[in-house]
Amino acid sequence: MRKYLKRIEVWQNQATDDTFGGNLVTEVKLSDSWCNIKSVPVNKYVDFGLDTADQSIMMETRWRNELDYMQEGVFFKYMGKDWFPTRLYDMDLENEKIVIIATMGK
């Protein structure tokens, strides 16, 4: 049986040339990743430094060298919503399994 059952899309806001001498900010899909997702329990919000008014999730996934999950402008799309990373934890200290705490965009 598979360990990771949910699929997320990894996106980034990037400036692109608008051919008139300016730039437009566009969303560029970087990749898809398999992960496990669960909601952050309300009693853990303070532990993670989160605002209780925001909805947050924990995404457990494998580390990928080609993706910088905490780079500026990176966000995730899952079930039609945008999720923005706030914390990243290396679970086994070997850059193999990571947990990303993300809050829903408004």
Side-chain angles (χ1 to χ4, degrees):
M1 186 168 171
R2 300 188 109 186
K3 182 175 181 177
Y4 299 115
L5 303 173
K6 307 290 184 191
R7 189 115 169 137
I8 58 168
E9 298 175 348
V10 183
W11 291 73
Q12 184 175 26
N13 290 322
Q14 293 181 349
T16 55
D17 185 22
D18 68 359
T19 66
F20 294 105
N23 289 324
L24 295 172
V25 176
T26 58
E27 296 177 351
V28 177
K29 185 175 178 180
L30 301 177
S31 182
D32 291 320
S33 286
W34 288 99
C35 67
N36 286 331
I37 297 177
K38 58 184 174 180
S39 60
V40 176
V42 175
N43 61 345
K44 296 288 186 182
Y45 273 44
V46 174
D47 296 344
F48 292 125
L50 300 171
D51 184 4
T52 55
D54 295 333
Q55 184 177 359
S56 299
I57 58 173
M58 297 171 62
M59 299 182 287
E60 180 184 320
T61 188
R62 289 183 185 89
W63 179 260
R64 294 176 56 184
N65 287 332
E66 75 274 11
L67 289 176
D68 183 358
Y69 294 106
M70 297 303 288
Q71 185 177 3
E72 186 176 343
V74 170
F75 64 97
F76 308 99
K77 289 192 178 193
Y78 176 68
M79 294 186 69
K81 297 184 174 111
D82 295 344
W83 299 88
F84 297 91
T86 57
R87 304 274 188 278
L88 185 137
Y89 297 99
D90 186 358
M91 296 303 289
D92 55 7
L93 301 177
E94 295 180 5
N95 279 342
E96 187 176 311
K97 182 171 72 171
I98 60 171
V99 171
I100 302 168
I101 307 296
T103 57
M104 187 167 56
K106 295 183 170 55

Shortest non-hydrogen contact from [X] to [Y]?
X: D82; Y: E27; value: OD2-OE2, 4.5 Å
X: Q14; Y: L30; value: NE2-CD2, 4.3 Å
X: Y78; Y: K6; value: OH-CD, 3.4 Å
X: N23; Y: D17; value: OD1-CA, 3.8 Å

I'd like to check [X] versus [Y] (side-chain heavy atoms, cut-off strictly below 4.5 Å). Are they in contact?
X: Y4; Y: K97; result: yes
X: K77; Y: K29; result: no
X: W63; Y: L88; result: yes
X: I8; Y: T61; result: no

Does S56 offer a backbone N or O that forms a donor-acceptor pair with the side chain of T103 under 3.5 Å?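 Flag not set: sc T103 to bb S56 has no pair under 3.5 Å.
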Working to the nearest 0.5 angstrom, can you tell me the gap between M59 CE and W83 CH2?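 The CE atom of M59 sits 9.0 Å away from the CH2 atom of W83.
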Identify, with sequence neighbours excluded, every residue that meets side-chain hydrogen bond (donor to acceptor under 3.5 Å, both in side chains) alongside S33.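 Here the qualifying residues are R64.
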Is [Y] reachable from [X] through a run of hydrophobic residues whose side-chain heavy atoms are each under 4.5 Å from the next?
X: V28; Y: L67; answer: no
X: I98; Y: I57; answer: yes
X: M58; Y: M91; answer: yes
X: F20; Y: V25; answer: no

Taking distance alone, no hydrogens or angles, what donor-acceptor pairs closer than 3.5 Å link side-chain atoms of residues 69-76 to residues at least two apart or in another chain?
none

